[in-house]
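In what follows, a structure is listed as structure tokens, so that the remarks can point back to it.
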Amino acid sequence: MTDIPKTVAQSPDDSNELPQAVAELSQETEAPEAVPYVISFARYNESMCEISALNSNKAKKAVETLKTIGTKIRSEADFKKHYVDRMPVRREGDYKKLYRGLKDDIDLKEIKLQQEARIFYFDIEPERTFYVVAITQNHLETDKVRR
């Protein structure tokens with residue numbers, strides 16, 4: 001059991017009133033685990049942008065996926081719980097273009113939307129930030145290794 005500090009447990013003047021300092025304690029903020037991911041486009045790769053090329057079904061799926069992430073995803077486990085399948089992306093083939101301007105320690109992942117459309121991103125779990133890097137209409141070529 002937690003000990004209550006004497007300054008809080010006992011009133012200094014025996015008037016049975018709460019000390020002013022205790023009466024004005026701020027309310028606790030929401031626990032970090034309860035806060036959903038924040039979606040950021042700060043690292044968005046404009047040269048890979050294909051949002052305008054998405055047909056209505058793929059665009060709808062992209063918005064629904066981002067909405068789920070921004071409202072329901074609060075931890076790594078929630079991605080699976082809400083059927084957001086994530087796959088790691090390697091720095092090879094056309095995927096190399098996605099890494100331009102990103103630090104070497106960034107691990108990109110992709111979320112399949114419909115057919116070949118993808119959301120490429122990385123996240124920072126402790127901060128619950130989801131950085132969208134690109135949204136593509138077509139899957140990128142992985143077999144070609146360019147040097």
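Note: hydrogens, waters and symmetry copies are ignored here, and every other heavy atom, side chains too, is used. Starting from 1, each residue takes its place in the sequence as its number.
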Exercise. To the nearest 0.5 Å, how far apart are CD1 in Ile39 and CG in Leu66?
Worked result: 4.5 Å
For this session: Would you give the length of the straight line joining atom CG of Leu113 to atom CD of Glu64, rounded to the nearest 0.5 angstrom?
Result: 10.0 Å
For this session: Measure across His82 and Thr68 and return the closest heavy-atom pair with its distance rounded to 0.1 Å.
Result: CB-CG2, 3.8 Å
Exercise. How far apart are the closest heavy atoms of Arg74 and Thr71, and which atoms are they?
Worked result: NH1-O, 3.2 Å
For this session: Answer yes if Phe41 and Ile73 sit in the same cluster of Ile, Leu, Val, Met, Phe, Trp and Tyr residues linked by side chain heavy atoms under 4.5 Å apart, and no otherwise.
Result: yes
Seminar exercise, completed: side-chain contact (heavy atoms from CB on, under 4.5 Å) filter on Ser40, not counting sequence neighbours, yields Ala42, Thr129, Tyr131
Exercise. Is the number of heavy atoms from other residues, nucleotides or ligands within 6.0 Å of NZ (Lys109) greater than 12?
Worked result: yes
Exercise. Residues in side-chain contact (heavy atoms from CB on, under 4.5 Å) with Lys112, at least two apart?
Worked result: Met87, Arg118
Exercise. If we only count heavy atoms from C-beta on, is the Glu76 to Asp123 side-chain gap below 4.5 Å?
Worked result: yes
Problem set entry | side-chain hydrogen bond (donor to acceptor under 3.5 Å, both in side chains) partner of Tyr37, the single match among Glu125, Arg128, Glu127 | Glu125
Problem set entry | Where Ile135 and Tyr44 come nearest, the two heavy atoms and their spacing | N-OH, 3.6 Å
For this session: Group every Ile, Leu, Val, Met, Phe, Trp and Tyr by side-chain heavy-atom contacts under 4.5 Å, then state whether Ile124 and Leu98 land in the same group.
Result: yes
Problem set entry | Heavy-atom closest pair, residues Tyr99 and Arg91 | CD2-CZ, 3.1 Å
Exercise. So, Asn55 side chain and Lys58 main chain: donor-acceptor pair closer than 3.5 Å or not?
Worked result: yes
Problem set entry | From Leu102, Asp107, Val132, residue fulfilling side-chain contact (heavy atoms from CB on, under 4.5 Å) relative to Phe122 | Leu102
Exercise. Under 30°, 30 to 60°, or over 60°: which ring-plane class applies to Tyr121 and Phe79, parallel, tilted or perpendicular?
Worked result: parallel
Exercise. Tell me, do Phe120 and Met48 make a side-chain contact under 4.5 Å, heavy atoms counted?
Worked result: no
For this session: Quick one: list whatever passes side-chain contact (heavy atoms from CB on, under 4.5 Å) with Lys103, sequence neighbours left out.
Result: Asp105, Ile106
Exercise. Roughly how far, to the nearest 0.5 Å, is the NZ atom of Lys67 from the NZ atom of Lys72?
Worked result: 6.5 Å
Exercise. Hey, what do you get for CG (Asp85) to NZ (Lys80), rounding to the nearest 0.5 Å?
Worked result: 8.5 Å
Exercise. Any donor and acceptor pair, going by atom type alone, linking the side chain of Arg100 with main-chain N or O of Asn45 inside 3.5 Å?
Worked result: no
Seminar exercise, completed: Output for pair (Lys61 NZ, Ile119 CD1), nearest 0.5 Å, gives 9.0 Å
Exercise. Side-chain heavy atoms under 4.5 angstrom apart, residues restricted to Ile, Leu, Val, Met, Phe, Trp, Tyr: same cluster for Phe130 and Val35?
Worked result: no
Seminar exercise, completed: Shortest non-hydrogen pair, Leu54 vs Ala62, comes out as CD1-CB, 4.3 Å
Problem set entry | Any donor-acceptor pair under 3.5 Å from Glu50 side chain to Gln137 backbone | yes
